[in-house]
Student: 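Sharing a structure here in structure tokens format.
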Amino acid sequence: MDDAQLDTLLRDSAPRTAARSARLRDALDAVSAETRGARRRRRGWALTAGLSGLLIVASAGAAAASPEVRQWLGWTPDRTIRYLSTEGEACTAAFRLSYQQKHDGLVHSEAEVYETAMAAADRLDLTPARIAELVAAQRAELQTADPASPWLALDAGDFEDWTVSESLNHALALAFAEHGIVRVGVASSVTCERDGR
């Protein structure tokens, strides 16, 4: 079969089309307008549902960070440390340990792990002057290592809370390393009573 014959067969098999009269154009425009309106309504509903879902997730995340909600969910800290922030606000740093000696075949007892952690927490200096030093050192280190770090975008209070939490985790990690204790999970949180929160 040559190309000319194929073109003829294709042209002859095409369905007949109606001429585009004014009446047909008006009918097609009406159908198109009706579809656009339905599409806009669906898009508006989807946008509303998406924003509502985002707000619910954000609210749940903020609530989960509060100590009351964590305790209600069963997160009870092994140790709570109360201190004053650099602005004189009452703050609480808390941590919880998870150590799976039986599962991992490790040699340290849970009591040894707990005692090591408590001793490290007791040695941690959380006076306002020391916190100011830690914050300045942490900020300088981040600005040198990664000037675009998202941690640098935190407001002063949140950056201080994060720095205290990191300092607590670091002090515990050093104490565990000194005693040869491995595979300890540390979950920590820091909350401060700040105006406007």
Side-chain angles (χ1 to χ4, degrees), residues 55-104 106-146 149-197:
L55 286 174
I56 289 170
V57 168
S59 299
S66 73
E68 295 82 14
V69 172
R70 285 183 172 199
Q71 285 182 346
W72 182 77
L73 291 173
W75 192 89
T76 53
D78 289 324
R79 177 74 184 270
T80 301
I81 305 166
R82 300 201 187 284
Y83 66 96
L84 291 178
S85 71
T86 56
E87 299 296 319
E89 301 146 336
C91 298
T92 304
F95 66 89
R96 181 182 174 110
L97 305 173
S98 60
Y99 180 65
Q100 306 291 327
Q101 179 189 12
K102 294 177 186 172
H103 297 292
D104 296 329
L106 301 175
V107 296
H108 297 280
S109 69
E110 287 184 31
E112 288 174 298
V113 172
Y114 187 80
E115 288 169 16
T116 302
M118 295 310 119
D122 289 340
R123 288 191 307 269
L124 189 62
D125 180 7
L126 291 179
T127 59
R130 178 63 181 146
I131 292 172
E133 290 173 13
L134 291 169
V135 167
Q138 185 76 282
R139 192 172 292 280
E141 182 181 325
L142 281 173
Q143 286 172 338
T144 302
D146 183 12
S149 172
W151 297 111
L152 292 171
L154 294 175
D155 69 26
D158 290 338
F159 190 83
E160 181 178 310
D161 295 350
W162 177 71
T163 300
V164 169
S165 179
E166 287 296 301
S167 299
L168 175 61
N169 291 342
H170 183 69
L172 293 172
L174 285 177
F176 293 145
E178 286 174 11
H179 291 87
I181 300 171
V182 295
R183 296 186 185 151
V184 177
V186 178
S188 64
S189 70
V190 173
T191 54
C192 293
E193 300 298 323
R194 292 200 167 86
D195 293 333
R197 286 194 183 182

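A quick note: this is a predicted structure, and the numbers were derived from the prediction, not measured. For the numbers below, each heavy atom of this structure counts, side chains included, while hydrogens, waters and symmetry mates do not.
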Student: Please report the shortest heavy-atom distance between Thr86 and Pro128, naming the atom on each side.
Tutor: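 Nearest pair, atom of Thr86 first, then Pro128: CG2-O, 3.4 Å.
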Student: What closest approach, in Å, do Glu89 and Glu193 show between heavy atoms, and which atom pair accounts for it?
Tutor: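 Looking at all heavy atoms of both residues, the shortest contact is CB-O, 3.6 Å.
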Student: Decide yes or no for Gln138 and Leu134: does some side-chain heavy atom of the first lie under 4.5 Å from some side-chain heavy atom of the second?
Tutor: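 No, every pair of side-chain atoms sits at 4.5 Å or beyond.
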Student: Residues in side-chain contact (heavy atoms from CB on, under 4.5 Å) with Leu124, at least two apart?
Tutor: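 Leu124 satisfies side-chain contact (heavy atoms from CB on, under 4.5 Å) with Leu126, Leu168, Ala171 only.
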Student: Is there a side-chain contact between Thr163 and Ile131 in this structure, where contact means two heavy atoms from C-beta onward sitting under 4.5 Å apart?
Tutor: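 A side-chain contact under 4.5 Å is absent here.
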Student: Please name all residues satisfying side chain to side chain donor-acceptor pair (under 3.5 Å) with Arg82, sequence neighbours left out, ordered by chain then number.
Tutor: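 Only Thr92 meet the side chain to side chain donor-acceptor pair (under 3.5 Å) criterion with Arg82.
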Student: Are side-chain heavy atoms of Phe176 and Leu97 found at a separation under 4.5 Å?
Tutor: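 A side-chain contact exists here, since the closest heavy-atom pair is under 4.5 Å.
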Student: For a quick test of your reading: what N or O donor-acceptor pairs under 3.5 Å do the side chains of residues 113-121 make, sequence neighbours left out?
Tutor:
| unit_1 | atom_1 | unit_2 | atom_2 | d |
| --- | --- | --- | --- | --- |
| Tyr114 | OH | Asp78 | O | 3.3 |
| Thr116 | OG1 | Glu112 | O | 2.8 |

Student: Just jot down the side chain to side chain donor-acceptor pair (under 3.5 Å) partners of Glu133, sequence neighbours excluded, or say none.
Tutor: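 Per chain and number, Glu133 pairs via side chain to side chain donor-acceptor pair (under 3.5 Å) with Arg130.
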Student: Only counting residues at least two apart or in another chain, list the ones meeting side chain to side chain donor-acceptor pair (under 3.5 Å) with Ser167.
Tutor: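 Result, side chain to side chain donor-acceptor pair (under 3.5 Å) vs Ser167: none returned.
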Student: How long is the straight-line distance from CZ of Phe159 back to CG of Leu142, given to the nearest 0.5 Å?
Tutor: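 So the CG of Leu142 and the CZ of Phe159 are separated by 5.0 Å.
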Student: Could you state the interatomic distance from CG (Asp146) to CG (Leu152), rounded to the nearest 0.5 Å?
Tutor: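 One gets 7.5 Å once the value is rounded to the nearest 0.5 Å.
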Student: Measuring from Cys91:SG to Asp161:CG, what's the distance to the nearest 0.5 Å?
Tutor: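 Rounded to the nearest 0.5 Å, the SG-CG separation comes to 6.0 Å.
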Student: Which residues satisfy the side chain to side chain donor-acceptor pair (under 3.5 Å) test with Thr80, sequence neighbours excluded?
Tutor: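 Thr80 satisfies side chain to side chain donor-acceptor pair (under 3.5 Å) with no other residue.
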Student: Where do Cys192 and Tyr83 come nearest, in terms of heavy atoms and distance?
Tutor: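 Minimum heavy-atom separation between Cys192 and Tyr83: SG-OH, 4.2 Å.
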Student: Let me confirm one number: the CZ-CZ distance from Arg96 to Arg79, rounded to the nearest 0.5 Å.
Tutor: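 Rounded to the nearest 0.5 Å, the CZ-CZ separation comes to 16.0 Å.
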Student: Are Ser165 and Asn169 side-chain neighbours, meaning at least one heavy-atom pair lies under 4.5 Å?
Tutor: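 Of all side-chain heavy-atom pairs linking Asn169 with Ser165, at least one is under 4.5 Å.
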